[in-house]
Number of protein chains: 2
Amino acid sequence: MAGSKAASRRADAQAAATTGEARKEEDRYVECRVVLDVLDRIGDKWTVMVVGALSEGPVRFNAMMRLIEGVSHRMLTLTLRGLERDGLVKRTAYPTIPPKVEYELTVLGHSLIEPLRSLSRWAMQNRAVIEQARQEFDAGSGREGP
Amino acid sequence: MAGSKAASRRADAQAAATTGEARKEEDRYVECRVVLDVLDRIGDKWTVMVVGALSEGPVRFNAMMRLIEGVSHRMLTLTLRGLERDGLVKRTAYPTIPPKVEYELTVLGHSLIEPLRSLSRWAMQNRAVIEQARQEFDAGSGREGP
DNA sequence: CTGTATCCTCCACGATACTG
DNA sequence: CAGTATCGTGGAGGATACAG
């Protein structure tokens, strides 16, 4: 059957752009790409912590440094740059001495919190089940015969 | 204010376990850990694709290999192991010749799709805004004076 | 205080080959 | 067909030093 291979999806969809089938294929393809794109950003450990830290208001650079505990100077900078680039975080520099820079979530940034909470809820609800599954798996792997 | 540093949260919460303040602190700490734990699993590129591939029914190993396009033999195995270990995927081996192994989402695995869709929706709704933000950022960085 | 650049380490992942 | 083991490498991320 044509179109079963991901590599050919775009071509297939283009060749038969009017078909409902092809549109569905193409939609799934695009959706996957987009989700992956988002996950590349927010699936990152530090990004989650930064968003969490900013969720209740503006925070200064050094404050976050202390708040997040374990993040390196470099990674915090990079993470904030990434978020700023994507329009999720607003950076405000006050030209004082010493310099003072505040970071805060944009409207877009805040809107991300909701779906993130969705994941959070799932995680909290199922952490016990998962933990148990892990233990059973680790116990069962290696001795299933005599 | 005591407890502002993440490193001391556990100790603080323990020391004043009955305080509402401390409980809130501790809750946030645990929630963060748990979300990070989940993200370590599902934030991964291949994991998302695997869950997607399995979302509509059981699939055999080689079928996924072809379905996912780009995943290596090794990574697919590792990803599936991880998901199986966490109880998100069920592995069924038929002792035929040649061997036939089917993977499918467990109930727990299916329940993950919902929050994943939540993210997906967000991503689809805001991809244009994000893309524009990126272009503006990339354009603005480097020439903001003359 | 905030930001950038440099070096260096380590491990995640792909390629490959072998077994059941 | 499915799974495991081994090796080689690119790049992510920490440490550090310096600049504005």
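None of the values given here were measured: they were computed from a predicted structure. Order of the sequence lines sets the chain letters (A, B, ...), proteins ahead of strands, with each chain counted from 1. When reading the values below, keep in mind they use all heavy atoms of this one structure, side chains included, and skip hydrogens, waters and symmetry mates.
Note: CE (M75(B)) to P (dG10(D)) measures 18 Å, nearest angstrom. Counting to the nearest Å, the C1' atom of dG3(D) and the CZ atom of R81(B) are 7 Å from each other. Rounded to whole Å, atom P of dC1(D) lies 15 Å from atom CD of E102(B).
Mapping W46(A) and P99(A) onto DNA chain D by nearest heavy atom places W46(A) at the nucleotide closer to the 5' end. With DNA chain C read from its 5' end, the first of the two nearest nucleotides for K100(A) and S72(B) is the one closest to K100(A).
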Review point. Run the side-chain contact (heavy atoms from CB on, under 4.5 Å) check on M49(B) and E69(B) step by step: do they pass?
Key: CA-CA 10 Å; M49(B) 309 223 54; E69(B) 177 80 11; over 6 Å; no
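With V50(B) as reference, L76(B) is the one residue of D44(B), I42(B), L76(B), L67(B) to meet the side chain to side chain contact (heavy atoms under 4.5 Å, CB included) rule.
The side chain of R74(B) contributes no N or O atom lying less than 4.0 Å from OP1 or OP2 of dT6(D). Under 4.0 angstrom from either OP1 or OP2 of dT2(C) there lies no side-chain N or O belonging to R91(A). Residue Y103(B) has a polar side-chain atom (N or O) positioned under 4.0 Å from OP1 or OP2 of dG3(D).
No N or O donor and acceptor, one from the side chain of H73(A) and one from the base of dG14(D), sit under 3.5 Å apart.
Of the possible donor and acceptor atoms, none in the side chain of N126(A) sits under 3.5 Å from a partner among the backbone N and O of V129(A).
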